[in-house]
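The structure appears right after this line, and notes come after that.
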2 protein chains.
Amino acid sequence: MDNEEMEPHPSRVARVFAVLEAFTPARPTLALSELARRASLPLTTTHRLVAELHRAGALERQADGRYRVGLRLWEIASLAPRGVPLREAALPFLEDLYEVTHENAQLGVREGHEVLYIERITGRHAVGVLTRVGGRFPLHASGIGLVLLAHAPEHVQREVLEGRLRRFTDYTVTDPRRLERILAQVRRDGVAISDRQVTDDAMSVAAPVTDGRGTVIAAMSVVATAGPNVAVRLAPVVRAAARGTSRALSAQRK
Amino acid sequence: MDNEEMEPHPSRVARVFAVLEAFTPARPTLALSELARRASLPLTTTHRLVAELHRAGALERQADGRYRVGLRLWEIASLAPRGVPLREAALPFLEDLYEVTHENAQLGVREGHEVLYIERITGRHAVGVLTRVGGRFPLHASGIGLVLLAHAPEHVQREVLEGRLRRFTDYTVTDPRRLERILAQVRRDGVAISDRQVTDDAMSVAAPVTDGRGTVIAAMSVVATAGPNVAVRLAPVVRAAARGTSRALSAQRK
DNA sequence: ATGGTCCCTTCCGCTCAGCGGAAGGACGAT
DNA sequence: ATCGTCCTTCCGCTGAGCGGAAGGGACCAT
């Protein structure tokens, strides 16, 4: 009786997310048929699903008929644990960093084997911004990534070290043994420096953000495009800000 | 045949959102049974639904078994039209405002009959912050609200003017005719001033943010807790920032 | 005109995913 | 020991969701 293949379990909820995940930073607006293609769902099904999502406010429809993620969803999602609450606690310190350095200041958390950028403060004349809020980046190259990796659970570190370490510039560390030594140093110093490991013209200094119990839950960084002495100049500032943030956060959770 | 009442249409998608909307800024973490109660769904159904949402990453489960909105959802939602894109464009200008005034600077859009706050920059010593990012507030009292209302479609203005104008302080404008005159003035001046209309000790100056075609899509404000002359001092700054933002935004949409 | 290709939308009968009552287990308070 | 509260699993019934088919633009070519 079982003709063809047997599809596993295309549950309703999974399909809803297949649709929502079709949207990416690169293609934030999609037509119905594109949506169906990307979610690999029959057009008819997508049509019905999308109509329901639209009614619920999770999707918005623009004048030309294309769809975008709706503000309603954004509103709900801003309740995510490390979303707004962490952001709000850390923002004043990012501002301090920005005000002192007038360089890009960022805040990120670890999601699996990547950094997820939660917040960024940019000058009006932002230069070569690679990252964006809501964007992701590998753990082994950026300053924030190194801090988060250095303090990640042991198995995560192992997986990353054993995995492919993608090269971005001549300075990117792709040797697992060297990366391991760097991570140890980051734990010792409390600060990570990424010197042209992401792009040829940028350097960043990052420091951990901890919760009340000392667990590292995020990292902040300042990215500069000037010479190497910038790192030295910024380190104490970053460290101070990170310490301050830790205190602020531990104060928050009554 | 049709016994009892006939339930309307408890579609799957609608239920998913009933669950997600059970989370509010006031109660960002919920136990399963609370979730079921708030979504008014049978416990069993909620259990299954929540399990699926958890698998999809839309909900996270903390150590104590309670649920929170997941980062995965936040990531998707940051693609919302007036979410990150507008934020990113406006943030440098909010920073300028903050740097000049060291008062709270905010960015909001209109959602129905309310302001939805998209972004806020706060000093470390934030005083009496009523609003939060992702939070809502009526249109008729705050500076941002007045700007957005003044430039809202005619029918929205009518509905708000005919509706109940909630009083927050002795200065809150609750007379529709007076509010109408104020809105006209806001359109003429290009700036709205809310003088103790929200709380007794705060005043804000707000200006519209327009897209490339001149349509008002958001508003920025500075809130101060000092005397009335602050308004006069800040108005040109706000106006300049708003003009700058408009330009930045129109440049963005190629 | 005519045919082609691309979208989007509506219709409709089949079927299996989801439903929710019932029952059971884990914890804590009285 | 007895209750209350919370979470989880089981299982047979059924209507919500499914998706193929068909229809309706809009926009090209030829």
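Per chain, numbering begins at 1; letters A, B, ... match sequence-line order.
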Below 4.0 angstrom from OP1 or OP2 of C/dG20, is there any side-chain N or O of B/T45?
yes

Ignoring hydrogens and geometry beyond distance, is the side chain of A/R48 in donor-acceptor contact with the base of D/dG19 at under 3.5 Å?
yes

To the nearest Å, how far apart are A/L41 CG and D/dG20 P?
12 Å

What is the separation between atom CG on B/L49 and atom C1' on C/dA17, rounded to the nearest whole Å?
13 Å

Integer-rounded Å distance: C/dC7 P and A/L30 CG:
13 Å

Whole-Å distance between D/dC7 P and B/R61 CZ?
7 Å

Under 4.0 Å between a side-chain N/O of A/R15 and OP1 or OP2 of D/dG19, yes or no?
yes

So that I can tick it off, tell me whether B/R37 and B/E34 are bridged by a salt bridge, with the cut-off set at under 4.0 angstrom between side-chain N and carboxylate O.
no

Regarding B/L43, tell me which of base, sugar-phosphate or nothing describes its non-hydrogen contacts under 4.0 Å with the strands shown.
base

Could you state the CD-P distance from A/E34 to C/dC7, rounded to the nearest angstrom?
8 Å

Any side-chain N or O of A/H47 under 4.0 Å from OP1/OP2 of C/dC8?
no

Starting at atom CG of B/D64, determine the distance to atom P of D/dC6, rounded to an integer number of angstrom.
14 Å

Electrostatic pair B/E52:A/R12 at N-O distance under 4.0 angstrom
no

Residue mapping more 5' on DNA chain D - nearest nucleotide basis, B/R37 or B/T44:
B/R37

Under a 3.5 Å distance rule, please check whether B/Q106 uses its side chain to pair with a backbone N or O of B/Y117 as donor and acceptor.
no

Using whole Å, what does the distance between atom P of nucleotide C/dT10 and atom CD of A/E52 come to?
14 Å

Whether B/H140 side chain and B/R166 backbone form a donor-acceptor pair below 3.5 Å
yes

What nucleotide among C/dG20, D/dC6, D/dG17 has an atom nearest to a side-chain atom of B/S33?
D/dC6

A/L53 CG - D/dG17 C1' separation (whole Å):
14 Å

Can A/R158 and A/E154 be counted as an ion pair, charged N to O under 4.0 angstrom?
yes

Counting only side-chain nitrogens and oxygens, does A/R12 get under 4.0 Å of the OP1 or OP2 atom of D/dG17?
yes

